[in-house]
Structure formats: C-alpha cells, structure tokens
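The structure appears right after this line, and notes come after that.
All values below were derived from every heavy atom in this structure, side-chain atoms included, with hydrogens, water molecules and symmetry-related copies excluded. Quick note: residue numbers are just sequence positions, from 1. The structure displayed is predicted, hence computed values, not measured ones.
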Amino acid sequence: MSRYAVDPLTALQAKEQAQKLAFAPIAFQAAQSLRELGILAVLDAAGPPGLSAQQIAERSGVSEYGAKVLLDMGLSALVVTQDGDNYVLARLGHFLLHDAMTRVNMDFTADVCYRAMSHLTETIRSGRPEGLREFGDWPTIYEGLSRLPEKARKSWFDFDHFYSDKAFPELLQRIFAERPKTIVDIGGNTGKWSLQCCAHDEDVHMTIVDLPRQLALALDNAREHGFEARIQGHPMNILDDSQPLPGEADIWWMSQFLDCFSPMEILRILRRIRAAMRPDASVYILELFWDRQHFEAAAYSLNATSLYFTCLANGNSRFYHSKDMLDIVEEAGFVVAEQVDDIGLGHTLLRLRAG
C-alpha cells in the first residue's frame with residue numbers, strides 16, 4: 001500500500017503541523033541565518049556543554065539580541081536544545097552545518113528558489129515560469145543559466161551536480177560494458193558527463209547537444225581538460241524541429257534532462273531520437289522518480305523541486321512518477337531493455353531499444 005494512502009495525523013497533530021507549515025519560511029530563514037552568521041559553528045566547537053547567549057554573541061560577532069532571537073527560533077525548530085542558560089547544538093543543527101546534501105539543498109532553495117516561489121500561484125494559473133522574473137527576462141531558466149547572479153548560478157550547478165556526480169562511477173561501468181565508440185550527450189550542461197566518459201575510455205568520442213550559451217561553457221571545459229579532440233558540440237534547441245540532431249551514435253544519453261520538459265515535449269524528443277538513431281543503438285535515460293525513493297525525505301525533496309521546475313525552469317516540467325515516464329517511452333516507440341533503481345542518490349537508469 002502507498003505510504004500516502006492513509007492520513008497519519010490525529011486532528012490535534014494536524015493542527016500543530018498546520019502552524020509549523022504556516023511559519024515554515026520563517027523557520028527556514030532562521031536556520032539559514034544561524035548557519036551563515038557562524039552561530040552553529042560556534043556551538044559545534046563548544047561541544048555538549050554549550051554556551052550562553054552572551055558567549056555565543058561574543059564568539060560569533062552577532063549582537064546578543066540577534067543571537068538570542070535566532071536561537072529561540074532554533075529551539076522551536078529543533079536546531080538547538082537548551083541546558084539551563086546554555087544553548088547546545090542538536091542533531092538537526094549538526095546536519096545543517098556538516099551534511100553536504102543538506103547544504104546543497106538549502107543553498108539552492110535560498111539562492112535560486114526562495115523569492116521566485118512567491119509567484120507560484122500566478123505560475124499555476126498562467127502555465128508560465130513567472131518566478132523567473134526575479135532573475136531576468138528569459139522564456140526559461142536554461143537560456144539564462146550563464147547570466148544568473150554568481151551566488152545563484154553556483155548554487156544551481158552545485159545542486160545539479162551533487163546528485164548526478166554520485167552516480168557516475170556505477171554509470172560508467174554500465175555504459176561502457178557496451179564498448180561504445182560514439183556517444184551523443186543530449187543536454188550536456190557543463191560537460192561533466194562527457195569529461196567523465198573521455199577520462200574513462202581513451203577511444204570514445206562525445207557529441208554534446210545543448211543550447212549555444214550552455215554549450216560554449218561545456219566546450220571550454222573540454223579544452224581545459226585536454227579533450228577538445230574527442231568532445232564536439234552540436235548547438236541546438238531540442239524542441240526546434242527545424243534543427244537536425246547530430247549524426248549516428250552507438251549510445252544516446254540523457255541525464256536529468258527529460259525532467260526539464262512537459263510530457264508532450266518528452267514524447268517529441270524521444271520520437272526525434274527514435275527516428276535518428278540506428279536500429280542497434282541504445283538510448284539511456286537517467287532520472288529521479290519520486291515514487292522510486294526509499295525514504296520519505298527523498299520523495300519530499302523531489303516533489304518540492306518539481307515546483308522549482310514549475311515556477312522557474314519553464315512552467316510545465318517536473319520530476320515524474322516512473323509510470324508516467326514509462327508510458328511516454330512506450331508511446332514513443334521504445335521498449336525498456338533494462339531498468340536499474342538505486343543508482344547514486346536514488347536515480348533510476350533506463351536502457352531503451354527501438355521497439
């Protein structure tokens with residue numbers, strides 16, 4: 001039975017959770033400030049005895065008023081505990097400070113999503129990424145990635161790479177078991193996957209397909225790593241049917257790419273690949289499906305990130321339920337030759353063959 005089939009809360013618990021949800025943005029900002037102002041680090045260094053508000057203020061350089069008002073919210077948010085007059089770092093506070101995944105997620109939310117989310121209702125009504133106006137006048141975020149403010153751009157790429165990079169070692173073994181000589185990397189982003197492939201196999205040649213501005217960054221990275229002879233670019237908008245796909249390849253690769261599109265757009269993309277590929281070629285799709293996650297926190301994170309796609313990316317994409325994606329794959333004329341869950345931090349790898 002689905003974990004969502006039964007309401008787990010009593011009426012009293014539901015009302016309590018409703019209040020926490022009502023003030024959730026404030027709790028988030030308090031946690032972010034506790035970290036950014038060094039208060040969590042000061043408590044971490046102090047260890048189990050903790051510190052008084054005055055001591056924390058002195059060691060962090062924050063006023064005693066500022067430290068105390070944040071710490072009191074930290075008590076309610078379970079970030080810190082209190083022992084007499086001393087505040088002590090709680091387990092949750094430890095993870096806010098030290099856990100890489102938590103840091104990446106919080107920075108992405110704070111620097112990329114936070115202000116944009118105030119436009120969510122408008123976005124749902126219009127079907128356009130209305131939150132994107134917080135950064136620039138682009139139809140989607142992908143045209144503007146290279147022009148985002150430095151802090152937002154760093155947080156965006158850190159978030160994107162954190163999840164994909166963890167999967168690379170296993171993926172390289174699986175992909176190169178086919179001994180491919182040519183791979184088309186669609187939506188290659190900064191070129192990290194293509195760089196990994198070239199470092200793994202000295203004979204493989206890569207073609208990165210992406211928007212011109214993003215592709216320029218990927219090719220700069222290829223030159224910087226000495227792979228310019230084996231990594232070439234193919235600038236195009238994958239949704240523009242007048243722009244042809246590159247030539248034949250042994251493998252067509254899409255990593256965290258199709259979640260950037262609506263179902264009908266995914267169908268168009270897969271049909272284009274189906275028409276361009278050789279009959280013996282393989283298509284690999286690496287995606288995060290919210291229903292394939294072992295932990296509720298992972299499903300929660302993916303469903304929250306779907307609203308980033310809604311409000312900022314393009315207004316009509318998301319992290320999908322696996323059945324929705326598999327239905328599109330079948331409609332596009334593919335059969336699933338292999339499906340592997342739990343790669344990296346919850347990815348699913350689909351290997352497709354022409355049906």
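Considering only residues two or more places apart in sequence or on other chains, Arg223 meets the side-chain hydrogen bond (donor to acceptor under 3.5 Å, both in side chains) condition with Asp220. Residues that satisfy the ring-ring contact (aromatic ring centres under 6.0 Å, His included) test with Tyr284, not counting sequence neighbours, are absent from this structure. Partners of Trp193 under the ring-ring contact (aromatic ring centres under 6.0 Å, His included) rule, at least two apart in sequence or in another chain, are Phe168, Trp253. Phe309 is linked by a ring-ring contact (aromatic ring centres under 6.0 Å, His included) to Phe319, counting only residues two or more places apart in sequence or in another chain. Scanning for ring-ring contact (aromatic ring centres under 6.0 Å, His included) contacts around Tyr142 gives an empty result, with sequence neighbours left out. Judged as a side chain to side chain contact (heavy atoms under 4.5 Å, CB included), and not counting sequence neighbours, the contacts of Ala14 are Leu9. His347 is linked by a side-chain hydrogen bond (donor to acceptor under 3.5 Å, both in side chains) to Gln256, counting only residues two or more places apart in sequence or in another chain.
Applying the ring-ring contact (aromatic ring centres under 6.0 Å, His included) rule to pairs touching residues 33-73 yields nothing, sequence neighbours excluded. Among residue pairs with one or both ends in residues 8-61, those qualifying as ring-ring contact (aromatic ring centres under 6.0 Å, His included) are Phe28-Tyr114; sequence neighbours excluded. The stretch residues 291-320 participates, sequence neighbours left out, in these salt bridge (charged side-chain N to carboxylate O under 4.0 Å, His left out) pairs: Arg3-Glu296, Arg292-Asp341.
Counting only N and O atoms by type, the side chains of Thr207 and Gln232 include a donor and acceptor under 3.5 Å apart. Side-chain contact check for His161 and Asn189: no donor-acceptor pair (N or O, by modelled atom type) lies under 3.5 Å.
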Which pairs would a plain distance check flag for residues 75-91, meaning a side-chain donor or acceptor within less than 3.5 Å of a matching protein atom at least two apart in sequence or in another chain?
{"from": "Asn86", "atom 1": "OD1", "to": "Ser52", "atom 2": "N", "distance (Å)": "3.2"}
{"from": "Asn86", "atom 1": "ND2", "to": "Pro49", "atom 2": "O", "distance (Å)": "3.0"}
{"from": "Tyr87", "atom 1": "OH", "to": "Asp72", "atom 2": "OD1", "distance (Å)": "2.7"}

For residues 194-202, run the donor-acceptor check on the side chains, cut-off 3.5 Å, and write out each pair with its distance to 0.1 Å, sequence neighbours left out.
{"from": "Ser194", "atom 1": "OG", "to": "Asp185", "atom 2": "OD2", "distance (Å)": "3.1"}
{"from": "Asp201", "atom 1": "OD1", "to": "Asp203", "atom 2": "N", "distance (Å)": "2.8"}
{"from": "Asp201", "atom 1": "OD1", "to": "Val204", "atom 2": "N", "distance (Å)": "3.3"}

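The environment of CZ in Arg272 is crowded: more than 12 heavy-atom neighbours from other residues, nucleotides or ligands sit within 6.0 Å. The local environment of CG in Asp280 is crowded, with over 12 non-hydrogen atoms from other residues, nucleotides or ligands closer than 6.0 Å. Counting heavy atoms of neighbouring residues, nucleotides and ligands inside a 6.0 Å radius, atom CZ of Arg213 does not exceed 12 of them.
With salt bridges taken as basic N to acidic carboxylate O contacts below 4.0 Å, one links Arg35 and Asp107. Using a cut-off of 4.0 Å between Lys/Arg side-chain N and Asp/Glu carboxylate O, Arg125 and Glu122 are scored as not salt-bridged. Under a 4.0 Å N-O distance rule, the pair Arg174/Glu170 qualifies as a salt bridge.
The two atoms that bring Ala332 and Leu270 nearest to each other are CB-CB, 3.6 Å, heavy atoms only. In this structure, Ala67 and Ile56 approach most closely via the heavy-atom pair CB-CG2, 4.3 Å. In terms of heavy atoms, Asp158 sits closest to Val104 at O-CG1, 3.9 Å. The two residues Ala31 and Met106 have their closest heavy-atom pair at CB-CE, 4.2 Å. Considering every non-hydrogen atom in both Val112 and Trp156, the closest pair reads CG2-N, 4.1 Å. When all heavy atoms of Gly315 and Pro129 are compared, the closest pair comes out as N-CB, 3.8 Å.
Met206 and Phe227 fall within a single hydrophobic cluster, where Ile, Leu, Val, Met, Phe, Trp and Tyr are joined by side-chain heavy atoms under 4.5 Å apart, directly or via other members.
Proximity of a side-chain donor or acceptor of His98 to a complementary backbone N or O of His94 within less than 3.5 Å is not detected. In this structure a side-chain-to-backbone donor-acceptor pair under 3.5 Å is present from Arg133 to Glu130. Although no hydrogens or angles enter the test, the distance criterion places no donor-acceptor pair under 3.5 Å between the side chain of Asn316 and the main chain of Gly127. For Ser118 (side chain) and Arg115 (main-chain N/O), a donor-acceptor pair under 3.5 Å exists by modelled atom type. A donor-acceptor contact shorter than 3.5 Å is absent between the side chain of Arg353 and the backbone of Val336. Remark: side-chain polar atoms of Gln13 are paired, donor with acceptor, to backbone N or O of Thr10 under 3.5 angstrom. Judged by distance alone, the side chain of Arg59 and the main-chain N or O of Val42 form no donor-acceptor pair under 3.5 Å. In this structure, the side chain of Gln214 does not engage the main chain of Leu145 through any donor-acceptor pair within 3.5 Å. Checking side-chain atoms of Gln29 against main-chain N and O of Pro25 turns up no donor-acceptor pair under 3.5 Å.
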Check step by step if side chain to side chain contact (heavy atoms under 4.5 Å, CB included) holds for Val283 and Met254.
CA-CA 8 Å; Val283 176; Met254 289 169 282; 3.7 Å; yes

Walk me through whether Glu265 and Arg268 qualify under salt bridge (Lys or Arg N to Asp or Glu O under 4.0 Å).
CA-CA 5 Å; Glu265 289 169 340; Arg268 284 174 54 195; 5.4 Å; no

Intermediate values then yes/no, side chain to side chain contact (heavy atoms under 4.5 Å, CB included), Met325 and Thr348:
CA-CA 11 Å; Met325 183 66 72; Thr348 294; over 6 Å; no

Could you walk me through whether Ile141 and Asn314 pass side chain to side chain contact (heavy atoms under 4.5 Å, CB included), step by step?
CA-CA 7 Å; Ile141 200 170; Asn314 56 17; over 6 Å; no

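With Asp250 as the partner, the salt bridge (charged side-chain N to carboxylate O under 4.0 Å, His left out) test is satisfied by one option alone out of Arg278, Lys181, Arg179: Arg278.
Residues Phe157 and Leu148 are not in side-chain contact: their nearest non-hydrogen atoms beyond the backbone lie 4.5 Å or more apart. Counting only heavy atoms from C-beta outward, the side chains of Trp252 and Leu352 never approach each other to under 4.5 Å. Residues Leu326 and Leu350 meet the side-chain proximity criterion, which asks for heavy atoms closer than 4.5 Å. Residues Ile273 and Ile186 meet the side-chain proximity criterion, which asks for heavy atoms closer than 4.5 Å. Inter-residue side-chain proximity for Glu178 and Ser282 is flagged as met; some heavy-atom pair is nearer than 4.5 Å. Leu245 has its side chain within reach of Ile238: a pair of non-hydrogen atoms, C-beta onward, lies under 4.5 Å apart. Leu43 is not listed as a side-chain neighbour of Leu34, based on a closest heavy-atom distance of 4.5 Å or more. In this structure, the side chains of Lys154 and Asp111 stay at 4.5 Å or more apart for every pair of heavy atoms.
Taking the six-membered ring where tryptophan is involved, the planes of Tyr163 and Phe159 are perpendicular, since the angle between them exceeds 60° and thus also 30°.
For the atom pair CG (Leu37) and OG (Ser60), the distance works out to 7.0 Å, reported to the nearest 0.5 Å. Atoms OG1 and CG, on Thr310 and Leu312 in that order, are 9.5 Å from each other to the nearest 0.5 Å.
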